[in-house]
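When a residue number appears, it is its place in the shown sequence, counting from 1. Bear in mind that the values here come from a model prediction, so they are computed numbers and not experimental data.
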Amino acid sequence: MNASISSHPRAAPPILSPPAPILIAENLTKQIKGRTIVDSVSFRLQPGEVFGFLGPNGAGKTTTIRMLVGLIRPTAGRVQICGHDIERELESALRCVGCIVETPDLYRFMTGRENLEHFARMLGGIDPDEIDRVGSLVALSHRLHDRVRTYSLGMRQRLGIAQALLGRPRVLILDEPANGLDPAGIREMRELLRTLAHDEQIAVFVSSHLLAEVEMMCDRVAIIHRGAILTTGTIAGLVIASHETELVVDRIDLAVSIVTAIGVEHRTDHDRLFLRISEADIPPIIDRLVTAGVRIFRVAPRAKSLEELFLELTGVESSIE
């Protein structure tokens, strides 16, 4: 007897749709005394990601955060958290949010546990076991019985985050959480926030000016300048998009005139020429330069750091021509 093989086609795997955003900000605008502080800012936060919100001083970061959590009303635009419009359903929306704007509000004469218990009473409906859970999440279980005045700055920051986690928020919003910390404290903060996002599936929103740290910590970033979003994307995507080819040459002025005539986006640094070109365009451009008498000593790909991209986009120390 011949063995038979089923001819029925195998069912295709289901197409999984991306999770719904936990927080949606659409066209947020804030005007004060006729001056636009925040101008049509939009972004979305997904569960399980660390989202960096970057900008120089006065860019509108803190004003945006205050609109996100209902501390000030936007002139235009809307915020939706866990499906709740923050203007119409403020209480329901804020149940999904843990937030620290500026410094944590702590009583230094109390112990860490007493601070958490006090905050839990204000929230209401918090199970006593939550104190131990959040203490463990921020690696403070061994110090909860000590008075907060004996804590380091990093420990106080972590205790503030523990307070923000008591209501089991879906979104954690932090304004400069690593401000003033030493390198060890900054690393602890980075590891904590990534753990909260990836293990607890919390959307973590971090406003910061520590660009190198943001590059290591965040999954996506938005860069804001003068109240407007300049770019939003993954760290990897933004770095790839800013990829350059570096050429070290002997006749930089001649080389610049040639690539300018071709219409290649470029910048210079002494005898180095940085080109925004695809890999396929490198050989013909090199051929043009060599034919014109430009000697080329080195050709190398170069990806910009987030700090360099930030400085370029915000118009600081940028020489892109």
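- His225 NE2 to Leu230 CG: the interatomic distance, rounded to the nearest 0.5 Å, is 6.5 Å.
- Between Val299 and Glu246, every side-chain heavy-atom pair lies at or beyond the 4.5 Å cut-off.
- When all heavy atoms are compared, the tightest approach of Glu49 to Gln46 is OE2-N, 2.8 Å.
- Side-chain atoms of Glu200 and Thr195, non-hydrogen and from C-beta on, never get closer than 4.5 Å to each other.
- Side-chain atoms of Arg113 do not come within 3.5 Å of backbone N or O of Leu144 as any donor-acceptor pair.
- By the neighbour-count criterion of 12 heavy atoms within 6.0 Å, atom CG of Asp199 is densely surrounded, having more than that number from other residues, nucleotides or ligands.
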- request: Kindly indicate, with the supporting measurements, whether the criterion side chain to side chain contact (heavy atoms under 4.5 Å, CB included) is fulfilled by Arg298 and Leu247.
  value: CA-CA 6 Å; Arg298 182 160 68 101; Leu247 280 68; over 6 Å; no
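- A salt bridge does not link Arg187 with Glu213: every distance from a Lys NZ or Arg NE/NH1/NH2 to an Asp or Glu carboxylate oxygen is 4.0 Å or more.
- Ile161 is listed as a side-chain neighbour of Leu193, based on a closest heavy-atom distance under 4.5 Å.
- Of all non-hydrogen atoms in Leu273 and Ala255, the two that sit nearest each other are CD2-CB, 4.0 Å.
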query: What's the verdict on side chain to side chain contact (heavy atoms under 4.5 Å, CB included) for Arg73 and Met67, showing C-alpha distance, side-chain angles and the deciding distance?
result: CA-CA 6 Å; Arg73 295 182 63 179; Met67 288 190 284; over 6 Å; no
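- The side-chain tip of Arg220 does not point at the ring of Phe51 from less than 6.0 angstrom away and within 45° of straight on.
- Between Arg158 and Ala139, the shortest heavy-atom contact is NH2-O, 3.3 Å.
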message: Test side-chain hydrogen bond (donor to acceptor under 3.5 Å, both in side chains) on Thr111 and Asp146; report intermediate values, then the result.
response: CA-CA 5 Å; Thr111 66; Asp146 296 333; over 6 Å; no
message: For Arg108 and Thr150: C-alpha separation, side-chain torsions, deciding distance, then whether side-chain hydrogen bond (donor to acceptor under 3.5 Å, both in side chains) applies.
response: CA-CA 8 Å; Arg108 297 197 178 196; Thr150 67; over 6 Å; no
task: Would you check, one step at a time, whether the test salt bridge (charged side-chain N to carboxylate O under 4.0 Å, His left out) holds for Asp39 with Arg226?
output: CA-CA 8 Å; Asp39 188 6; Arg226 296 175 180 168; over 6 Å; no
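- With Val38 as reference, Thr63 is the one residue of Thr63, Ile32, Thr75 to meet the side-chain contact (heavy atoms from CB on, under 4.5 Å) rule.
- In the hydrophobic clustering of ILVMFWY residues, with side-chain heavy atoms under 4.5 Å counting as a link, Val248 and Val264 come out apart.
- A heavy-atom distance below 4.5 Å is not found between the side chains of Ile224 and Leu54.
- In plain terms, the two heavy atoms of Leu90 and Gly70 that are nearest each other are CD1-CA, 4.2 Å.
- Taken from CG in Asp175 to OG in Ser207, the straight-line distance is 4.5 Å, to the nearest 0.5 Å.
- The structure places CZ of Arg133 at 11.5 Å from OG of Ser141, a figure rounded to the nearest 0.5 Å.
- Between Leu159 and Leu106, the closest side-chain pair of non-hydrogen atoms falls below 4.5 Å.
- By the 6.0 Å contact criterion, CZ on Arg78 is enclosed, its count of non-hydrogen atoms from other residues, nucleotides or ligands being greater than 12.
- Hydrophobic cluster membership of Phe109, counting Ile, Leu, Val, Met, Phe, Trp and Tyr whose side-chain heavy atoms lie under 4.5 Å apart directly or via other members: Tyr107, Met110.
- Ile229 CD1 to Phe43 CZ: the interatomic distance, rounded to the nearest 0.5 Å, is 6.5 Å.
- With Ser136 contributing its side chain and Asp132 its backbone, the two residues share no donor-acceptor pair below 3.5 Å.
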task: Test Leu172 against Val97 for side chain to side chain contact (heavy atoms under 4.5 Å, CB included), laying out the working first.
output: CA-CA 6 Å; Leu172 185 61; Val97 179; over 6 Å; no
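- Side chain of Asp269 to main chain of Arg272: no donor-acceptor pair is present (N/O by atom type, distance under 3.5 Å, no hydrogens or angles).
- In the displayed structure, Arg170 atom CZ is contacted under 6.0 Å by at most 12 heavy atoms of other residues, nucleotides or ligands.
- Here the side chains of Val206 and Val214 are not in contact, with every heavy-atom distance at 4.5 Å or above.
- The distance from the CG atom of Leu45 to the CD1 atom of Ile173 is 7.5 Å, given to the nearest 0.5 Å.
- Although no hydrogens or angles enter the test, the distance criterion places no donor-acceptor pair under 3.5 Å between the side chain of Lys30 and the main chain of Ile37.
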task: Apply the test side chain to side chain contact (heavy atoms under 4.5 Å, CB included) to residues Leu23 and Gln80: give CA-CA distance (whole Å), side-chain angles for both, the deciding distance (0.1 Å), then the verdict.
output: CA-CA 6 Å; Leu23 184 150; Gln80 189 179 77; over 6 Å; no
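- When hydrophobic clusters are built by joining Ile, Leu, Val, Met, Phe, Trp and Tyr residues whose side-chain heavy atoms come closer than 4.5 Å, directly or via intermediates, Ile126 is grouped together with Phe119.
- Nearest heavy atom pair, residue Ile186 against residue Leu181, reads CD1-O, 3.6 Å.
- In the hydrophobic clustering of ILVMFWY residues, with side-chain heavy atoms under 4.5 Å counting as a link, Met216 and Leu174 come out apart.
- The nearest pair of heavy atoms linking Ala25 to Leu68 is CB-CD2, 4.2 Å.
- Counting only heavy atoms from C-beta outward, the side chains of Phe274 and Thr245 never approach each other to under 4.5 Å.
- No side-chain heavy atom of Asp271 sits less than 4.5 Å from a side-chain heavy atom of Phe297.
- Applying the salt bridge (charged side-chain N to carboxylate O under 4.0 Å, His left out) criterion to Arg156, with sequence neighbours excluded, gives no partner residue.
- Note that CG of Asp253 is 11.0 Å distant from CD1 of Ile258, once rounded to the nearest 0.5 Å.
- In this structure, Ile24 is not a member of the same hydrophobic cluster as Val171, with clusters built from ILVMFWY side-chain heavy atoms closer than 4.5 Å.
- Using modelled atom types, no side-chain atom of Ser92 and backbone atom of Glu89 make a donor-acceptor pair closer than 3.5 Å.
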